[in-house]
Amino acid sequence: METRVAVLAVIVQEGSSVQALNELLHQYGPYIIGRMGVPYRERGVNIISVALDAPNDIISALSGKLGRLDGITAKTVYAPDAAIRKEKNA
């Protein structure tokens with residue numbers, strides 16, 4: 001199955017949704033390359049970036065599920081397909 005490389009940007013404004021967010025990330029763990037979280041205390045938010053290598057439908061499903069959680073915003077940026085193919089063929 002063809003996979004894509006993407007970065008999922010997550011903004012957490014509501015602490016009550018953190019457990020559900022972590023459960024989803026654990027569920028999709030096999031597709032996660034790495035993640036980084038940064039607390040921004042001055043603004044009262046946490047910023048999480050999640051690097052993924054997964055089929056497009058998996059990435060979309062995770063982003064959608066995260067975005068439906070209260071106080072969570074999630075957006076995805078995909079790497080250009082041509083750049084990834086070039087690296088694999090090198």
Side-chain angles (χ1 to χ4, degrees):
M1 182 178 287
E2 180 105 5
T3 64
R4 297 199 58 192
V5 174
V7 176
L8 181 57
V10 182
I11 306 292
V12 181
Q13 296 175 296
E14 186 58 53
S16 63
S17 294
V18 170
Q19 183 175 350
L21 178 141
N22 283 327
E23 287 172 5
L24 281 168
L25 292 178
H26 179 75
Q27 179 182 344
Y28 286 84
Y31 303 104
I32 295 175
I33 301 166
R35 67 186 257 191
M36 176 182 65
V38 179
Y40 190 8
R41 291 177 185 89
E42 292 83 12
R43 295 286 192 129
V45 298
N46 292 292
I47 303 160
I48 303 169
S49 61
V50 182
L52 301 160
D53 187 354
N56 195 50
D57 58 336
I58 297 291
I59 296 169
S60 296
L62 176 58
S63 181
K65 289 175 184 179
L66 290 174
R68 285 191 290 277
L69 296 174
D70 288 336
I72 305 250
T73 303
K75 300 291 178 186
T76 306
V77 177
Y78 292 91
D81 285 339
I84 301 303
R85 275 195 288 275
K86 194 180 295 183
E87 288 291 322
K88 286 183 178 179
N89 293 330

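Atoms considered below: every heavy atom in the structure, side chains included; atoms not considered: hydrogens, waters and symmetry mates.
Using a 4.5 Å cut-off between side-chain heavy atoms of Ile, Leu, Val, Met, Phe, Trp and Tyr, with links allowed through other members, V5 and I59 fall into different hydrophobic clusters. Residues V18 and V45 are members of separate hydrophobic clusters, defined by side-chain heavy-atom contacts under 4.5 angstrom among Ile, Leu, Val, Met, Phe, Trp and Tyr.
Counting heavy-atom neighbours within 6.0 Å of D70 CG, excluding the residue itself, gives a total of 12 or less.
Atom OG of S16 and atom CG of L21 lie 11.5 Å apart (nearest 0.5 Å). Once rounded to the nearest 0.5 Å, the distance linking CD1 of I11 with OG of S49 reads 10.0 Å. To the nearest 0.5 Å, atom OH of residue Y40 and atom CG of residue N46 are 12.5 Å apart. Once rounded to the nearest 0.5 Å, the distance linking CD1 of I32 with CG of L8 reads 8.5 Å. In this structure, L66 CG and I72 CD1 are separated by 7.0 Å, a value rounded to the nearest 0.5 Å.
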Open item on the list: Could you go through Y28 and V50, starting from their C-alpha distance and side-chain angles, then the distance that decides it, and tell me whether this counts as side-chain contact (heavy atoms from CB on, under 4.5 Å)?
Closed with: CA-CA 11 Å; Y28 286 84; V50 182; over 6 Å; no
- [ ] With side-chain contact (heavy atoms from CB on, under 4.5 Å) as the test, would you mind laying out the steps for L24 and L69 before giving the verdict?
- [x] CA-CA 11 Å; L24 281 168; L69 296 174; 4.1 Å; yes
TODO: For E23 and Q19, run side chain to side chain donor-acceptor pair (under 3.5 Å): C-alpha distance rounded to whole Å, both residues' side-chain angles, the deciding distance at 0.1 Å, then the answer.
DONE: CA-CA 6 Å; E23 287 172 5; Q19 183 175 350; 3.2 Å; yes
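Considering every non-hydrogen atom in both A74 and G67, the closest pair reads CB-N, 4.1 Å.
In terms of modelled atom types and a separation under 3.5 Å, the side chain of S60 and the main chain of N56 share a donor-acceptor contact.
Between L52 and the choices L62, V7, T76, the side-chain contact (heavy atoms from CB on, under 4.5 Å) rule is met once, by L62.
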